[in-house]
Amino acid sequence: MEYNFKDIEQRWQKYWKEHNTYKVEIDESRPKYYVLDMFPYPSGAGLHVGHPLGYIASDIYSRYKRLCGYNVLHPMGYDAYGLPAEQYAIQTGQHPEITTVRNINRYHDQLDKIGFCYDWDREIRTCDPKYYKWTQWAFIKMFNSYYDNDLQRACPIEKLVEKFASNGTDGVNAACSEQLSFTADEWNVKSDNDKENVLMNYRIAYLGNTMVNWCPKLGTVLANDEVSEGVSVRGGYPVEQKMMRQWCLRVSAYSQRLLDGLDSVDWTESLKETQRNWIGRSEGAEMKFKVAGTDIVLDIFTTRADTIFGVTFMVLAPESEYVSLLVTDDRRADVEKYLDEVKHKTERERLIEKQVSGVFSGSYAINPVTGKEIPVYISDYVLAGYGTGAIMAVPAHDSRDYAFARHFDLPIIPLIEGADVSEESFDAKEGKMINSSNENLQLDGLDVKEAIAKTKEYIKQAGIGRVKVNYRLRDAIFSRQRYWGEPFPVYYDEHNMPHVLDEEELPLELPEVDKFLPTETGEPPLGRAKNWVAKNGRPLELCTMPGFAGSSAYYLRYMDPHNDNALVSKQADEYWRNVDLYVGGTEHATGHLIYSRFWNKFLYDLGYVCEPEPFKKLVNQGMIQGRSNFVYRIKDTNTFVSYNLRKEYDVTPIHVDVNIVNNDVLDLDKFKAWRPEYANAEFILENGKYVCGYAIEKMSKSMYNVVNPDDIVERYGADTLRLYEMFLGPIEQSKPWDTNGIDGVHRFLKRLWSLFFKGDELQLTDTEPSAEAMKSLHKLIKKVTFDIEHFSYNTSVSAFMICVNELNAIKCTSKSVYKDLVVLLAPFAPHISEELWHVLGEEGSVCDAKWPEYDEKYLVESSVKYAVSFNGKTRFSIEVPAGMSKEDVEKAALSDAAAEKWIAGKTPKKIIVVPNKIVNIVI
RNA sequence: GCGCAUGUGGCGUAAUUGGUAGCCGCGCCAGACUUAGGAUCUGGUUCCGUAAGGAGUGGGGGUUCGAGUCCCUUCAUGCGCACCA
């Protein structure tokens, strides 16, 4: 009988659907296991072969866990809000929902063809009001919370109000945008409006004036992770810094917990490191510098407190609020001119120019340790967003300060013994201190690290500053001036103060608009909506939430997707808890994976979820790149020359559709039919074939290298696609899509199939399996079990091939062996396994079978081969009965006829016997 | 510049975790069958050498009886962060 994969796969996919094979319910009698894929954004191009790589891996794991007796939650859904649908809508006027739904349906079809075991009853879409109700709900909770630094958790904002009413800011240690200080009396006489303004400084979701990444081309602000090297990640448009009033999430309050939590999760070290970098903890000191002749005090942050004796000037960021306070009248014109220049430079230009620029403010500050007066400059090499936006400059030991000092001819005082600062600064934190002692503080002779500690101690005692930890992690900017996103559950009162809606009013549904562009007055698209007002008639927020809003808690919703009363019920949350295995790409390292952890921790603080970390184990699948093919046209002709002969001609390489190339050999007829201009093409062949060149490039339409899974499924079947994607190499590795090996995998399935049949008859019998067959099977069970647990799927596929070859070679026909083999294969190739399961006469779905366990007794060798080496060089091998003592193995090795030549009459100095491996004889 | 990975045949990769390097697959070579095919099956395939033998896991050095694996150093590639004070 032929292996008819088309028939088999269609039949079983239908069966699974009809029998709800993959439906999952809470079952307290069984242990749970939660396997999650990062849900896709349904783009118009459909799924390509890169997408399923991670999905297949997680599907195999889900099926394996189910066979092992776990109650496995394995859902799928769509991250449906996004820029491409919106931009398509702007161009065509078509509502983004229409394109989104169309794309989702396409994705769904494509996914089903690959045979995933998703429980589709739990599907979620972030653009569904029933879903985003809970995104809005979480926002309201964040608005109504503040972060208590002493308790290290989020608390209701009412608690803070109580504290203010009784003690003012005294004793309040809360995360805030700006350090405030007032008494209870001062608080109590404030107007409601003023109180609201104060509270906004503490809310976890707050409206704040912050420096934002503004992308004029996209017409929206972007979060830090959506900007890279001064341009937008999507589209690559320039991004500028702009002060705007925007909704923000106080993610920075969670910096330390986000950092600490990394130690408790099973993620790759590199991903954790990426997050640590992004959070960017640095320990240092905040120091106060008085401005001479004024009451103004400048706070600066430094990690090099030890270099205080080498501070020869100070620098403020151009955006610093102190700039206007410090500028003296005679310097005002110059400073304003400089500020104006800086303002018109985008961040990108600043980065590219890397030219030293700056201006003297006219003011002098007093070094709190030496008492010396030093000039205060303004320069854009100091960032407004980090630390306090002001620095103490130590040109001898900081390369940026050095460049600045050289440019403005400022003094450079070396502080470390032997450091040559005539050409460049000495930035390393090592060496002995010099020039660093006075009556207040003596650092000379100390090591840099000791000096840092001593200076910090002094700063505290002398009251000139404090020890401080700084984080690079910024609050997340949460407003987007777009249409296709979650509306904020926020309205504005007559004083333009924001208020959140009541939870009962959720979901606040996205309104219809006539166009998806900003209004003529520059308001976001929601400004076009009619009656965009709250129940009380007040105007609603016009911005929508960013893409990461909907993806931050979606894993919780899958646990209880139809619940209208809660994001997730207590029961569901306590049963499913968190994601045991999360599979997805590294590109979300500093976006989604930070925001989700933050969101989860926030809900954890409020008691809505029971686990502090959302994703226990995370596996990063690599990207699948495109493998483009080229043909070589001889210039000014319609003749194409084969790859290895192209050097003899003057040729132009042309991308050719990879779908008409097989194993780098061009299908000439299909090529002629591909484009009218090639209809009369002529070819110069090598060995009768036209061989194409290739290159590894991004998978894209323009390079004709996009391979979509449907084509592979059509040609080889889903099981071959699944096995082949796994066979390609380790799952976490990026690799080009290359069909060169797919035939081998397909051949394996055909060979397996043919083992079952002789002609059209089942050739398997109920006979007892031979010892050899049992050994082959149990080797496989052991290997595959180990491999799945370690996500080493490529070696599993190899193991299956070896086993099938062995069973074929020994002509094993025992049903019991094949039954176990089919169960082992089921996670990898579910369709053929279901079919063979029934061919073997079993009932029900193979999904409900039991994972076989291996028995060591079949794996014991009767005889063992030892390699015998002399002084580490292998010379011959011996075969001895298994279980021999070391001494007997030694004897056997020495008495072997081949040994004499190497021993040559000498007495061995030492003999090392490695069990089942090697006998090494040292002469 | 800092940090993290990775480097093995013509190609994708494997190596029981310090124990005979190259499993499995692709490709290639030879053969069988054949209705001549992009089907199937069998055997071979790291390199040099007719062979005996020798070399060999990016390069150099080290530890060890023994190193793809551990240590030092260097080169190359990929990724992350980057005027972060």
Side-chain angles (χ1 to χ4, degrees), chain A residues 228-229 268-282 284 300-304 307 315 317 350-351 353-354 356 379-383 385-394 397-401 403-404 427 470-473 586-587 589-590 620 622-623 662-665 667 689 694 723-724 727-730 732-736 738-745 747-748 750-751 754 782-783 786 792 794-802 805 808 865-877 908-923:
Chain A
S228 179
E229 293 179 20
T268 60
E269 205 42 51
S270 75
L271 186 64
K272 288 196 212 177
E273 204 53 35
T274 300
Q275 288 213 342
R276 288 190 192 108
N277 276 340
W278 187 258
I279 296 167
R281 178 190 158 103
S282 63
I300 61 95
F301 175 77
T302 180
T303 54
R304 292 297 299 275
T307 58
V315 188
R350 263 168 75 159
L351 282 169
E353 280 179 23
K354 288 223 169 175
V356 177
S379 171
D380 64 2
Y381 86 84
V382 173
L383 300 177
Y386 186 76
T388 58
I391 60 150
M392 64 178 211
V394 186
H397 302 290
D398 182 288
S399 55
R400 296 152 298 171
D401 297 346
F404 194 84
D427 291 16
N470 231 314
Y471 299 91
R472 203 189 74 100
L473 184 67
T586 15
E587 65 271 21
T590 55
N620 288 119
M623 296 246 260
N662 193 27
N663 290 347
D664 286 342
V665 176
D667 185 318
K689 292 176 191 163
Y694 70 89
L723 280 173
Y724 184 58
F727 187 65
L728 226 38
E732 61 277 7
Q733 221 164 75
S734 282
K735 54 222 148 193
D738 183 340
T739 47
N740 285 352
I742 200 162
D743 291 315
V745 171
R747 210 169 286 155
F748 154 72
K750 281 200 277 193
R751 196 174 303 160
S754 68
K782 187 176 181 177
K783 175 81 179 142
F786 181 88
S792 175
N794 55 330
T795 55
S796 292
V797 179
S798 295
F800 279 115
M801 292 178 177
I802 294 168
N805 284 346
N808 185 30
K865 263 192 183 169
Y866 280 86
V868 181
S869 34
F870 290 85
N871 295 334
K873 235 346 159 236
T874 306
R875 297 303 179 179
F876 60 92
S877 67
K909 281 182 198 155
K910 199 168 166 189
I911 302 178
I912 295 148
V913 178
V914 181
N916 302 329
K917 290 283 179 192
I918 263 182
V919 182
N920 190 30
I921 300 161
V922 185
I923 303 288

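The side chain of A/Arg747 approaches B/U40 more closely than any other nucleotide in the set B/C81, B/G3, B/U40.
OP1 or OP2 of B/A14 lies within a sub-4.0 Å distance of a side-chain N or O belonging to A/Asn794. Between A/Arg472 and B/A82 there is a side-chain polar atom (N or O) within less than 4.0 angstrom of OP1 or OP2. For the OP1/OP2 pair of B/A85 and a distance below 4.0 Å, the side-chain nitrogens and oxygens of A/Tyr386 include at least one atom meeting the criterion.
Atom CD of A/Glu732 is separated from atom C1' of B/C4 by 15 Å (rounded to the nearest Å). Between A/Ile911 atom CD1 and B/G19 atom P there is a gap of 21 Å when expressed in whole angstrom units. Regarding A/Phe786, its CZ atom lies at a distance of 8 Å from the C1' atom of B/U16, rounded to whole Å. Residue A/His397 contributes atom NE2, which lies 21 Å from atom P of B/G1 at whole-angstrom precision.
If you check every strand for non-hydrogen atoms under 4.0 Å, A/Pro730 touches sugar and phosphate atoms only. As judged by a 4.0 angstrom heavy-atom cut-off over every strand, A/Glu269 is placed among residues making no nucleic acid contact.
Contact of A/Arg304 with B/A85 (side chain to base): no donor-acceptor pair of N or O atoms is detected under 3.5 Å.
For the P atoms, the distance from B/A55 to B/G60 is 14 Å, rounded to whole Å.
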Verdict with reasoning, A/Ser798 to A/Phe727, per side-chain contact (heavy atoms from CB on, under 4.5 Å)
CA-CA 8 Å; A/Ser798 295; A/Phe727 187 65; 3.6 Å; yes
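Ring-plane geometry between A/Phe748 and A/Phe800 is classed as tilted, the angle between the planes lying from 30 to 60 degrees on a 0 to 90 degree scale.
In this structure a side-chain-to-backbone donor-acceptor pair under 3.5 Å is present from A/Ser734 to A/Met623.
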